[in-house]
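Owing to the predicted nature of the structure, the values given are computational and were not obtained by experimental measurement.
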Amino acid sequence: MEFLRFLSFLSLAMVVTHAAVAPETYWKSELPNTPMPKAFTDLLNDDKSTDVQVGVGKGGVSVHAPGTNVGVGKGGVSVHAPGTNVGVGKGGVSVHAPGTTVGVGKGGDVSVHAPKPKPKSKPEGDCEKVYVGKGGVVVRCHHKGKPTNVHVSPFSYKYAANDDQLKDDPNVALFFLQKDLHRGNSMNLHFTKTSTQSSNFLPRKVADTIPFSSEKLPELYTRFAVKPDTVESESMKKTITECEEKPMEGEKKLCATSLEAMVDFSTSELGKNVKAISTEVNSDKKRTTPLKYTIEGAKKVTAATRAVVCHKQSYPYAVFYCHKTTTTEAYVVSLVGEDGTKGKAVAVCHTDTAKWNPKHLAFRVLKVKPGTTPVCHFLPEDHVVWVPY
């Protein structure tokens, strides 16, 4: 993990070429009175014990973290950390860490030498490949095999659910009727995150240099070292395709490829007096099946029916599908699981579903028709709702 972190620092140093405002700094400047929800803070830095600082000036780029220093200047790149050395010069890149050597030459070829783990000890989805090119350094972590269970997002209301999604999608349990939102009611819920892999925010000046278009998918696969016809490639394709679809009538949408873009979209639609809230379930247990939760209380977040809901997408870096509606009510719901797990879940209720696809997942789960009754759903832990106050 330490070695991968050093490569991440090197990637940052190679990508950042001029001064840029960090996402969290931009948030504080635009929304000084709005706390950042956990769904966002989790995407700014995986390791909360690491205080990383990046400086960009005329002399180059410098990165400082406990025990680690990265310097970029006219002479190349140097990285110093306990047991690890990285050098970048005219001849290419060399990385030396305990038991691991990475070499990059003028032609862009990469060689990686590391002790091979025993077959039984190698976990599914292990990080296997390192690529260094024009885009920086990419550490490739993936599951093997052809794509399976790549579904349309249940929060895209234009699409129909297929039978596999109805059966296998953990988000099925998150849909419920507004009349069921009361103290004492119990539900079987499965709170998940969009992806188990890290996909953090990129600074806007970096994200804006990367194409985000279905026409550029082959280029994007190469950039992120993703092979065609895999789970990762299909997930990327699905995300971009949904983002390129026209919004429903009366809906405004944006796929935000940076935190700054999301802040700008949300505040342009709702004003700067906003709250941004996300679901937080206090459990260290990684559950693979639903758990029975009981509602202890539900509080409406605002009297307004305007909201911007942002759903995290499966992508190599943080991308959020954000859409504004004027027929939405948001609640914070206190829950307690039968195993003692406690949480505060964000529930969004849509009071007008007349324009949704009649075969949408919510209608199939709840057995109701579009426009007949308010439909609600809890937000997964890495989704966020913005509301005015």
Check: Tyr221/Glu219 side-chain N/O donor and acceptor closer than 3.5 Å: no
Gly371 backbone acceptor or donor facing Thr353 side chain under 3.5 Å: yes
Mutual orientation of the aromatic rings belonging to Trp27 and Trp386 [parallel < 30°, tilted 30-60°, perpendicular > 60°]: tilted
Donor-acceptor under 3.5 Å (Thr279 side chain, Val346 main chain): yes
Between Gln178 and Tyr331: side-chain donor-acceptor atoms closer than 3.5 Å: yes
SG atoms of Cys376 and Cys349 less than 2.5 angstrom apart: yes
Thr351 side chain to Pro374 backbone, donor-acceptor under 3.5 Å: no
Set of side chain to side chain donor-acceptor pair (under 3.5 Å) partners for Glu244, sequence neighbours left out: Ser214
Heavy-atom neighbours of Lys300 NZ exceed 12 at 6.0 Å: yes
Thr302 side chain vs Tyr389 backbone, donor-acceptor pair below 3.5 Å: no
Salt bridge present between Lys324 and Glu269 (N-O < 4.0 angstrom): yes
Ring centres under 6.0 angstrom apart (Phe191, Tyr293): yes
Hphob cluster co-occupancy, Val385 + Met36, side-chain heavy atoms under 4.5 angstrom: no
For Thr222, all residues meeting side chain to side chain contact (heavy atoms under 4.5 Å, CB included), sequence neighbours excluded: none
Minimum heavy-atom distance between Ser258 and Ala207, given as atom pair plus value: CB-CB, 4.4 Å
Donor-acceptor under 3.5 Å (Thr341 side chain, Gly337 main chain): no
Check: Ser334/Lys344 side-chain N/O donor and acceptor closer than 3.5 Å: yes
Salt bridge flag under 4.0 Å for residues Arg204 and Asp264: yes
N/O donor-acceptor pair under 3.5 Å between Ser268 side chain and Phe265 backbone: yes
Validation row, ring centre Phe378 to ring centre Phe175 under 6.0 Å: no
Pair Arg183 + Glu296: basic N to acidic O under 4.0 Å: no
Crowding at NZ, Lys253 (>12 non-hydrogen neighbours, <6.0 Å): yes
Aromatic plane relationship, His383 with His311 - under 30° parallel, 30 to 60° tilted, over 60° perpendicular: perpendicular
Side chain Thr241, main chain Lys238, donor-acceptor under 3.5 Å: no
Ring geometry between Phe201 and Phe320 (parallel below 30°, tilted from 30 to 60°, perpendicular above 60°): parallel
